[in-house]
2 protein chains.
Amino acid sequence: MEAVMNLSRKEQVIRKAAELFREKGYAASSMRDLAQKLGIEAASLYSHIKSKEEILRSLCFDMAAEFRKSLEEVERQNVSASEKLRLGIIGHIGVMAKDLTASAVFMNEHRHLSGPYLRDFLLLRINYINRFKAIIEEGTKSGEFKENIDTKLSVMTLFSSLNWMPQWYNPDGKIDSINIGQQLSDMLVNGLKKQNAQ
Amino acid sequence: MEAVMNLSRKEQVIRKAAELFREKGYAASSMRDLAQKLGIEAASLYSHIKSKEEILRSLCFDMAAEFRKSLEEVERQNVSASEKLRLGIIGHIGVMAKDLTASAVFMNEHRHLSGPYLRDFLLLRINYINRFKAIIEEGTKSGEFKENIDTKLSVMTLFSSLNWMPQWYNPDGKIDSINIGQQLSDMLVNGLKKQNAQ
DNA sequence: GGTAATGGCTAACGGATGTTAGTGTAAAGC
DNA sequence: GCTTTACACTAACATCCGTTAGCCATTACC
């Protein structure tokens with residue numbers, strides 16, 4: 001039963017690390033800081049994790065897997081492009097809302113992954129983005145979306161909006177994550193302006 | 001004439017530092033790294049700057065001043081809210097495009113400012129955001145924008161989209177910054193969907 | 001031509017960093 | 001009851017960090 005009980009404490013370490021990395025950034029967070037948050041000595045951390053970077057890796061790649069899973073579900077649905085986009089946005093927001101701390105780390109700190117890990121991460125990311133791009137292109141071809149939009153610009157704007165959510169969203173506030181997803185997708189798809197206005 | 005000639009070399013240092021901070025992040029960038037980029041020794045940097053943080057400060061606050069100036073010009077114009085928003089967006093993009101490197105640092109590294117400087121910075125930022133928020137509210141009241149939108153969500157989405165531009169925009173590509181500003185404001189104000197569609 | 005300023009150097013500081021080695025101890029499993 | 005496992009400890013390592021002190025060469029100014 002080693003592995004199972006291991007997870008409990010190891011995940012506790014990773015969770016606290018996520019909080020720390022989010023607050024101060026990966027590079028500015030020391031293992032001694034992390035140990036202090038857990039009430040132990042820095043050296044004791046190494047009973048649970050192999051290195052500082054291993055923590056970052058598990059945070060980044062676990063989140064990446066969640067995003068991928070969410071998008072795959074959406075892609076399976078047989079609906080219009082704009083509806084697919086809407087569901088994709090809501091799904092993405094949902095994944096983030098489940099762990100805002102890890103999401104923030106995923107977004108802001110992944111660049112501190114070393115060499116091959118960074119490469120793998122960026123490949124996953126490009127793939128994810130391209131699948132959203134494909135949905136937008138589908139909508140352009142089907143005539144749902146404007147034909148003169150720049151797809152790259154659109155998809156980047158989309159991700160910018162989504163990915164910064166963890167930085168300002170307060171989960172204890174009056175607006176919940178599903179609501180955010182709805183409004184955000186409406187805003188991006190329909191815009192701020194009234195449809196009947198000029 | 002000390003100050004004038006000083007600027008030249010000092011600004012050279014700051015510019016290289018901006019590149020470094022952008023690539024590796026402030027905390028992960030060492031003064032020895034920076035010195036190497038300039039072909040000098042780390043200790044020699046201190047003939048030009050007082051500290052590492054002074055560099056970050058000048059980068060952050062100089063950009064903040066540029067943004068403020070741009071917005072003030074827009075606010076002076078006597079036009080509709082949606083036009084004001086459009087001009088504000090284009091102005092913001094324009095300021096970023098003038099120095100993408102400093103913009104990226106401004107956005108991602110400001111949190112490493114210490115104590116009172118961080119506080120001042122955040123106050124400037126909140127003020128800037130609130131002035132955009134006021135434009136959106138103006139548009140909602142005047143009936144140009146939908147009345148059921150969440151202003152905070154809208155303005156945060158707006159800034160997310162704007163602020164991530166330095167991360168993906170390639171100034172050597174075929175799409176120039178004015179074009180980006182135009183398209184971005186169109187996308188946020190009018191949405192992706194055709195106005196006559198469903 | 002003397003003087004000041006500019007921009008660089010070497011050497012060194014005190015402290016923080018990630019990590020390893022080796023040890024102890026309380027609980028869990030056979 | 002013995003052994004393993006989980007989890008903590010202390011001590012220490014080599015290296016990197018930002019920064020200071022003091023010195024030297026070249027250029028600009030009066």
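Scope of the values below: all heavy atoms of this structure, side chains included, with no hydrogens, waters or symmetry mates.
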Legend entry - By side chain to side chain donor-acceptor pair (under 3.5 Å) - contacts of K69(A) (at least two apart):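 Side chain to side chain donor-acceptor pair (under 3.5 Å) list for K69(A), sorted by chain: empty.
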Inset, instruction - Using side chain to side chain donor-acceptor pair (under 3.5 Å) as the criterion, list what pairs up with E19(B), not counting sequence neighbours. - result: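 For E19(B), the residues satisfying side chain to side chain donor-acceptor pair (under 3.5 Å) (neighbours in sequence not counted) are K37(B).
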Inset, instruction - Go through the steps for I136(B) and I149(B) under the test side-chain contact (heavy atoms from CB on, under 4.5 Å), then give the verdict. - result: CA-CA 10 Å; I136(B) 294 182; I149(B) 56 172; 4.1 Å; yes
Partners of [X] by salt bridge (charged side-chain N to carboxylate O under 4.0 Å, His left out), sequence neighbours excluded?
X	answer
R111(A)	E109(B)
R32(A)	none
K152(A)	none

Would you mind reading off the distance between [X] atom [atom1] and [N] atom [atom2], rounded to a whole angstrom?
X	N	atom1	atom2	answer
I55(A)	dT19(C)	CD1	C1'	13 Å
L45(A)	dT20(C)	CG	C1'	14 Å
I49(A)	dC7(D)	CD1	C1'	14 Å
K24(A)	dA16(C)	NZ	C1'	11 Å
E54(A)	dT20(C)	CD	P	12 Å

Legend entry - Summary of protein contacts for nucleotides 13-18 of chain D, nucleotide by nucleotide, where a base hit scores B, a sugar-phosphate-only hit scores S (4.0 Å, heavy atoms): ----BB
Legend entry - Watson-Crick or G-U pairs under 3.5 Å in DNA chain D, rendered as dot-bracket with [ ] for crossing pairs and | for another strand: ||||||||||||||||||||||||||||||
Would you tabulate the nitrogen or oxygen pairs shorter than 3.5 Å linking the protein to nucleotides 9-11 of chain D?
residue : atom : partner : partner atom : Å
dC9(D)  : OP2  : E41(A)  : N            : 2.6
dC9(D)  : OP2  : S44(A)  : OG           : 2.8

Inset, instruction - Could you identify which residues of residues 106-116 of chain A place a heavy atom less than 4.0 Å from some atom of DNA chain C, listed by residue number, or say none? - result: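 Listed by number, there are none.
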Legend entry - S142(B) and E144(B): side chain donor to acceptor below 3.5 Å: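 Their side chains do contain a donor-acceptor pair, which is all the 3.5 Å distance test asks for.
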Inset, instruction - Would you check if T157(A) and Q183(B) make a side-chain contact, meaning some heavy-atom pair closer than 4.5 Å? - result: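 Not in contact.
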Inset, instruction - Could you list the residues that satisfy side chain to side chain contact (heavy atoms under 4.5 Å, CB included) with R131(A), not counting sequence neighbours? - result: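 Applying side chain to side chain contact (heavy atoms under 4.5 Å, CB included) to R131(A) gives R68(A), L71(A), E72(A), E75(A), N127(A).
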Inset, instruction - Would you mind listing every ring pair (Phe, Tyr, Trp, His ring centres under 6.0 Å) that reaches into residues 76-95 of chain A, with sequence neighbours excluded? - result: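 For residues 76-95 of chain A: F67(A)-H92(A), H92(A)-Y128(A), H92(A)-F159(A).
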Legend entry - Partner set under ring pair (Phe, Tyr, Trp, His ring centres under 6.0 Å) for F21(A), not counting sequence neighbours: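 By the ring pair (Phe, Tyr, Trp, His ring centres under 6.0 Å) rule, F21(A) matches Y26(A).
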